[in-house]
Structures are given as C-alpha cells and as structure tokens.
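Worksheet for the structure shown next.
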Amino acid sequence: MTPAHAGAGAEPGRGPALLSLTEATVRFPGGPALDGVDLEVAEHEIVCVLGPSGSGKSTLLRAVAGLQPLDSGRVLLEGRDQARVPAHQRGVGLMFQDHQLFPQRDVGRNVAFGLQTRAVPRDQRELRVRELLELVGLPGAGRRAVASLSGGEQQRVALARALAPRPRLLMLDEPLGQLDRSLRERLVVELRELFDELGTTVLAVTHDQGEAFALADRVVVMREGRIAQAGSPLEVWQRPADAFVARFLGFDNVVDATVSGEVADTAWGKVPVPDGSAQGAQTLLVRPAGVRLVPAKEGLRCRVAARTFRGTHVAVHLQPTDAPRLEAACGLRDAPAVGDAVGVVFDPDEVVVLG
Ligand code: ADP
Ligand code: MG
C-alpha cells in the first residue's frame with residue numbers, strides 16, 4: 001500500500017495517516033485484547049483512546065510500538081507495514097503507564113537515555129537535554145536526583161525522555177494517571193500547548209474522560225478490544241453512540257424507550273424527544289440539565305434521595321415512586337433538600353435517542 005493510499009481513509013481536512021491500523025487483533029488465552037481495530041492518526045493530530053480498565057488500551061499502544069505482535073491485521077506507519085520492523089526501528093516513542101525513570105541516573109541522564117542508545121554525540125546530547133528540560137518546565141534540573149522530584153516533576157522528566165529522540169509518533173499510556181487531580185488538570189493544559197507548539201503527533205490512552213477531552217483533537221472510546229465510538233470531543237459528548245459510551249462518560253439517565261413521533265414512552269413517563277429522532281424501540285439519554293424540577297404536584301413525582309455538590313452545580317438524585325433513579329443538575333442556590341417531594345418535566349433539547 002502506498003502512503004497516498006494509506007491516507008485515503010482519513011477525513012477531509014486532515015493530512016494523510018501517519019499511523020493506520022487495519023483489523024488489528026491480539027488474542028490472549030482469556031479472550032481478545034484487541035478485536036479487529038481500525039484506527040488512523042493523521043500527522044500533527046492528537047488522538048486519545050478512552051476506555052475502562054482492561055478494554056485493550058495498553059495492548060493497542062504496545063502493538064503499535066512493536067512490543068506486542070498482532071495475531072491478525074496490520075500496523076502501518078507512513079504507509080509502511082511494520083510487521084517485520086523491530087520496536088527500536090519504528091521511530092515511535094512510548095511513555096509507559098508507570099513512567100519508570102531510572103532511579104540511579106540523575107534527571108539529565110534519564111532524559112538522555114534514548115539519545116545515548118542512538119549514539120548522538122555528547123555535546124549535542126547535552127544541548128538537547130537542556131532544551132527539553134526547559135520545554136517541560138524544569139530548567140536546570142539536569143543534575144537533580146530522581147528521588148528528589150515530586151510526582152508531577154517525575155512525569156515531566158518521563159515526557160522529556162520520550163520526546164528526546166524526536167519520535168514521529170509519541171504514545172502516552174495513562175500519562176497523568178498517578179497524579180492528583182489539580183496537578184492533572186494543570187498538566188493536561190500544558191501538554192496540549194506543548195504538543196500544539198511542537199506539532200507532535202500523539203496517540204494517548206486513558207481511562208479518565210476529563211483528560212481525554214482536554215487533550216484530544218479526536219476521542220476514540222474502546223470497549224472490550226473494540227472501538228465503540230470515534231469523533232471530536234464535542235461530537236462524542238453531545239451524541240454518545242450507545243448506552244455503554246453514555247454511561248462511561250458519566251451519564252446515568254439512560255432508559256429503554258418506545259419512540260413515537262416526538263414523544264418517547266419510558267419508565268419515567270412520557271419524555272419529549274428532538275424532532276427527527278429514530279422511531280420505535282430505542283435507548284434514551286436524558287442529560288441532567290434536561291431534568292427540570294417543578295412543584296410536587298406536576299410532572300413525574302419524585303423524592304430527593306441525595307445531593308452532590310459539584311462546584312458549578314448540585315447533582316440532585318431523584319427517586320420516582322416506581323421507576324429507576326434520575327439525576328438533575330440544579331443551580332447552587334435553588335437545589336431542593338434531601339427528602340423534599342418534587343415534580344420533574346423533561347427538556348427535549350437535552351434528550352438524545354442513542355443508536
Ligand atoms: P487496558 O490498558 O485498557 O487496561 P490491557 O490492554 O492492559 O487493557 O488489557 C486488555 C486485556 O488483555 C485484559 O483483559 C488483560 O487482562 C489482557 N492482557 C493484557 N496483557 C496480557 C498478557 N500479556 N497476557 C494475557 N492477557 C493479557
Ligand atoms: Mg493499561
């Protein structure tokens with residue numbers, strides 16, 4: 001397959017595929033970890049694979065890196081089949097889940113690792129290490145001991161080490177997984193800026209949806225070794241492909257429905273659906289913002305079972321008399337108290353008929 005042909009599947013506006021997997025399959029005794037995965041990553045694109053633990057994310061990266069042979073299917077880099085190309089000749093960088101710095105080496109020699117193995121002359125190596133430490137916000141840290149660094153600093157060193165050999169594709173396995181939340185939120189913004197600046201092509205995997213949505217140009221949701229959905233963060237967020245994706249994104253108001261015209265029959269009673277929705281037996285998602293509270297005698301009768309403070313709003317968990325629980329998003333000041341009786345009506349703009 002020529003490079004031009006390999007890129008034919010990429011969407012308009014994106015460049016030709018730098019990475020292309022076709023029907024990539026890896027089987028383990030317990031079942032397939034990758035099950036016929038088709039995926040393309042264009043040059044300069046940041047793709048984030050999102051999925052629960054065990055869905056095959058690390059196996060996907062290891063297969064691209066050449067650390068895990070495929071049972072069937074192909075991995076192409078710039079159009080060239082990698083089946084016979086050993087890991088060290090693929091020109092891809094992989095930052096592992098537990099970033100595994102060498103504890104007996106100082107920071108500079110950790111970053112220089114991939115340059116030494118490529119026989120880069122010493123003066124160039126030192127220059128490159130200095131540049132990279134500045135890039136990741138650790139200027140002058142070259143002589144520090146790894147053990148003296150905080151978790152966030154170690155993560156930056158691991159990133160500098162992965163970037164040092166200028167890989168044509170940088171792969172990150174749960175890059176911020178072990179850091180606390182506020183640090184993660186800050187670092188993910190820095191990473192995004194850094195990759196934009198360098199034009200790095202990135203394939204990252206994570207189980208954390210916030211991380212994926214903040215980092216990616218395109219999000220790929222995985223389930224049991226298969227791709228459940230791929231699209232821009234906005235597309236995936238607005239239109240989850242199915243109940244699995246919706247629940248994985250944290251939407252719990254998912255219910256069986258029979259759609260007829262612009263109304264759906266559900267366990268929560270009649271729910272208005274958007275114009276042009278698919279008809280018949282469907283699965284419905286109601287975003288919490290579309291669950292409107294009204295006086296107790298109107299709409300679906302519920303009791304407030306719990307409230308969770310979420311910073312920008314209060315998540316109110318509602319128990320109808322005879323139906324599954326519902327979550328509503330309420331303003332900080334007008335959220336009802338636990339035990340209150342309320343009525344519920346639905347806003348069709350926040351209802352999605354899932355595929
Ligand atoms: P994730 O990174 O999404 O958590 P993995 O790719 O690590 O998922 O694993 C996917 C599935 O493959 C899991 O069920 C896991 O137990 C299994 N698996 C991964 N590596 C091996 C291996 N070397 N031998 C056997 N089973 C494996
Ligand atoms: Mg993993």
Side-chain angles (χ1 to χ4, degrees), residues 18 41 43-48 61 64-65 87-88 90-206 208 210-217 233:
L18 175 70
V41 180
E43 199 167 357
H44 306 308
E45 196 181 21
I46 301 177
V47 172
C48 212
L61 296 193
V64 174
H88 68 277
R90 292 195 180 189
V92 301
L94 172 57
M95 190 173 117
F96 289 96
Q97 202 157 349
D98 46 352
H99 40 67
Q100 293 174 332
L101 295 178
F102 306 111
Q104 71 285 13
R105 290 172 167 237
D106 64 20
V107 166
R109 290 197 304 138
N110 264 282
V111 177
F113 176 72
L115 304 174
Q116 280 169 323
T117 57
R118 281 169 185 75
V120 176
R122 185 183 175 142
D123 53 337
Q124 281 183 37
R125 221 158 61 202
E126 286 176 355
L127 181 66
R128 181 94 182 117
V129 169
R130 266 207 305 281
E131 281 173 4
L132 279 159
L133 288 176
E134 272 172 35
L135 196 66
V136 298
L138 290 171
R143 291 283 157 272
R144 288 181 63 183
V146 164
S148 75
L149 305 177
S150 69
E153 287 168 339
Q154 291 192 18
Q155 204 77 49
R156 289 163 202 254
V157 174
L159 180 67
R161 184 176 64 179
L163 284 168
R166 302 184 205 274
R168 55 182 165 173
L169 173 67
L170 176 64
M171 297 193 291
L172 308 171
D173 195 343
E174 310 268 2
L176 307 174
Q178 298 169 22
L179 304 176
D180 60 48
R181 190 187 171 90
S182 62
L183 184 57
R184 227 164 50 206
E185 284 173 1
R186 195 152 44 82
L187 271 181
V188 79
V189 176
E190 288 179 18
L191 280 183
R192 174 78 226 196
E193 279 175 8
L194 181 64
F195 296 149
D196 282 347
E197 203 177 298
L198 298 176
T200 317
T201 306
V202 179
L203 177 60
V205 307
T206 175
D208 183 287
E211 206 170 296
F213 281 73
L215 196 58
D217 298 316

Item to complete: Could you tell me the separation between the OG1 atom of T201 and the CE atom of M171, rounded to the nearest 0.5 Å?
Response: 12.0 Å

Worksheet item: Do E197 and L135 have side chains that get closer than 4.5 Å, going by heavy atoms?
Response: yes

Worksheet entry | Sole residue of L198, I46, L159 in side chain to side chain contact (heavy atoms under 4.5 Å, CB included) with L170 | L159

Discussion item. With a 6.0 Å cut-off (strictly less than), is the heavy-atom count around CZ of R105, excluding the residue itself, greater than 12?
Written reply: yes

Worksheet item: Between R122 and E126, is there a salt bridge with N-O shorter than 4.0 Å?
Response: yes

Worksheet entry | Distance in Å, E211 CD paired with L176 CG, rounded so as to fall on 0.5 Å steps | 4.5 Å

Worksheet item: Per the side chain to side chain contact (heavy atoms under 4.5 Å, CB included) rule, which among E193, R192, R186 passes with V189?
Response: E193

Response to the item:
Note: L215 and A204 closest approach over all heavy atoms is CD2-CB, 4.1 Å

Worksheet item: Where do R156 and L138 come nearest, in terms of heavy atoms and distance?
Response: CB-CD1, 3.8 Å

Fill in: Pair E185 + R181, salt bridge at N-O below 4.0 Å
yes

Worksheet item: What distance do D208 atom CG and R184 atom CZ have between them, rounded to the nearest 0.5 Å?
Response: 4.5 Å

Worksheet item: Are E190 and L187 side-chain neighbours, meaning at least one heavy-atom pair lies under 4.5 Å?
Response: yes

